[in-house]
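A quick note: this is a predicted structure, and the numbers were derived from the prediction, not measured. The basis for the numbers below is simple: all heavy atoms, side chains too, and nothing from hydrogens, waters or symmetry mates.
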Amino acid sequence: MNDQFDGNGIFPKGPKNDAFAQYFTGTSYLSMLTTEGVNIGNVVFEPGCRNNWHIHHGGGQILLVTGGTGWYQEWNQPARQLVAGDVVNIPAGLKHWHGASADSWFAHIAIAVPAEGASNEWLEPVSDEEYQQL
């Protein structure tokens with residue numbers, strides 16, 4: 001774990017992610033790095049913050065972990081711990097979630113894979129019981 005990481009990395013942390021706050025447990029921050037051709041955002045999670053289960057339809061998503069310690073989990077699979085330098089390729093149609101570990105900030109670059117009619121389907125939150133088992 002990177003105890004020194006406080007959410008500020010080589011990309012700006014950005015403002016609180018109010019636009020998507022309803023799909024997160026805890027506080028996250030979002031700085032869109034570009035929306036030209038490909039949507040690429042820097043997402044920063046406070047300790048314990050995670051997004052709801054969700055599915056990317058049409059196009060998938062690529063996560064490039066830039067700091068802290070976090071988790072990624074696919075539906076019906078064990079969670080995988082993430083640290084800076086990890087890359088996660090999430091295919092379209094796969095139910096999953098990602099977020100910070102309980103005791104560390106976490107940051108990743110989220111790249112939306114372009115596709116005709118691509119959309120996100122936000123589902124139920126990751127329960128405290130599920131999360132605390134990690």
Side-chain angles (χ1 to χ4, degrees):
M1 175 173 45
N2 183 350
D3 292 323
Q4 302 304 311
F5 184 70
D6 64 0
N8 291 302
I10 59 172
F11 295 104
K13 182 168 82 173
K16 283 189 178 180
N17 188 5
D18 292 334
F20 293 93
Q22 66 191 32
Y23 307 119
F24 284 72
T25 299
T27 302
S28 67
Y29 303 83
L30 175 63
S31 173
M32 291 307 296
L33 303 178
T34 186
T35 56
E36 294 186 24
V38 178
N39 287 338
I40 301 175
N42 181 42
V43 185
V44 176
F45 301 76
E46 288 187 355
C49 177
R50 67 248 184 212
N51 54 33
N52 290 6
W53 289 98
H54 60 285
I55 299 170
H56 302 282
H57 294 289
Q61 187 178 50
I62 301 166
L63 306 178
L64 307 175
V65 180
T66 58
T69 304
W71 294 101
Y72 167 76
Q73 186 174 16
E74 298 174 356
W75 187 251
N76 289 327
Q77 297 297 319
R80 172 179 145 198
Q81 191 172 54
L82 299 176
V83 296
D86 285 342
V87 176
V88 181
N89 288 289
I90 305 165
L94 181 68
K95 185 176 178 177
H96 67 284
W97 70 271
H98 33 103
S101 66
D103 58 357
S104 175
W105 285 77
F106 178 62
H108 63 54
I109 303 300
I111 304 167
V113 176
E116 187 74 30
S119 66
N120 290 342
E121 178 183 1
W122 290 100
L123 304 166
E124 70 275 10
V126 176
S127 73
D128 289 341
E129 294 74 24
E130 290 175 290
Y131 184 77
Q132 289 166 359
Q133 291 176 10
L134 299 174

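Using a 4.5 Å cut-off on side-chain heavy atoms (C-beta onward), I90 and I62 make no contact. Residues N52 and L123 fail the side-chain proximity criterion, which asks for heavy atoms closer than 4.5 Å. Residues L63 and V87 have side chains not in contact (no heavy-atom distance under 4.5 Å, counting atoms from C-beta outward). P114 is listed as a side-chain neighbour of V38, based on a closest heavy-atom distance under 4.5 Å. No side-chain heavy atom of F11 sits less than 4.5 Å from a side-chain heavy atom of S31. Residues T27 and C49 form no side-chain contact, since every pair of their non-hydrogen atoms from C-beta on lies 4.5 Å or further apart. Looking at W71 and S101, their side chains come closer than 4.5 Å, going by heavy atoms from C-beta outward.
Residues meeting the side chain to side chain contact (heavy atoms under 4.5 Å, CB included) test with T35, sequence neighbours left out: M32, N39. Listed by chain and number, the residues in a ring pair (Phe, Tyr, Trp, His ring centres under 6.0 Å) with F24 are F45 (sequence neighbours excluded). For V126, the side chain to side chain contact (heavy atoms under 4.5 Å, CB included) partners two or more places apart in sequence, or in a different chain, are R50, W53, W97, E130, Y131. Here N120 pairs with H56 under the side-chain hydrogen bond (donor to acceptor under 3.5 Å, both in side chains) rule; sequence neighbours left out.
Each of V65, T66, T69 was scored for a side-chain contact (heavy atoms from CB on, under 4.5 Å) with F106, with one residue passing: V65.
There is no side-chain donor-acceptor pair under 3.5 Å between Q81 and Y72. For the 3.5 Å distance criterion, the side chains of E121 and H54 fail to qualify, holding no donor opposite an acceptor.
Closest approach of G58 to A92, counting heavy atoms only: O-CB, 3.4 Å. Contact record, P125 with T25: CB-OG1, 4.2 Å, taken as the closest heavy-atom pair. Minimum interatomic distance between F5 and G68 (heavy atoms only, all atoms of both residues): CD2-N, 3.4 Å. Here the closest heavy-atom approach between residue P47 and residue A102 is recorded as CB-O, 3.5 Å.
With values rounded to the nearest 0.5 angstrom, I111 atom CD1 is found 5.0 Å from I40 atom CD1. Once rounded to the nearest 0.5 Å, the distance linking NE2 of H98 with CG of L82 reads 9.5 Å.
In the hydrophobic clustering of ILVMFWY residues, with side-chain heavy atoms under 4.5 Å counting as a link, I10 and W105 come out apart. Both V88 and V43 are members of a single hydrophobic cluster when ILVMFWY side chains are connected at heavy-atom separations under 4.5 Å.
Between the side chain of E129 and the backbone N or O of Q133 there is no donor-acceptor pair closer than 3.5 Å.
Identified under the salt bridge (charged side-chain N to carboxylate O under 4.0 Å, His left out) test for residues 77-98, with sequence neighbours left out: K95-E124. Listed by first then second residue, pairs satisfying side-chain hydrogen bond (donor to acceptor under 3.5 Å, both in side chains) with a partner in residues 9-24 read N17-S28, not counting sequence neighbours.
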Q.
For a side chain to side chain contact (heavy atoms under 4.5 Å, CB included) check, start with the C-alpha distance between I109 and L33, then their side-chain angles and the critical distance, and finish with the verdict.
A. CA-CA 9 Å; I109 303 300; L33 303 178; 3.7 Å; yes
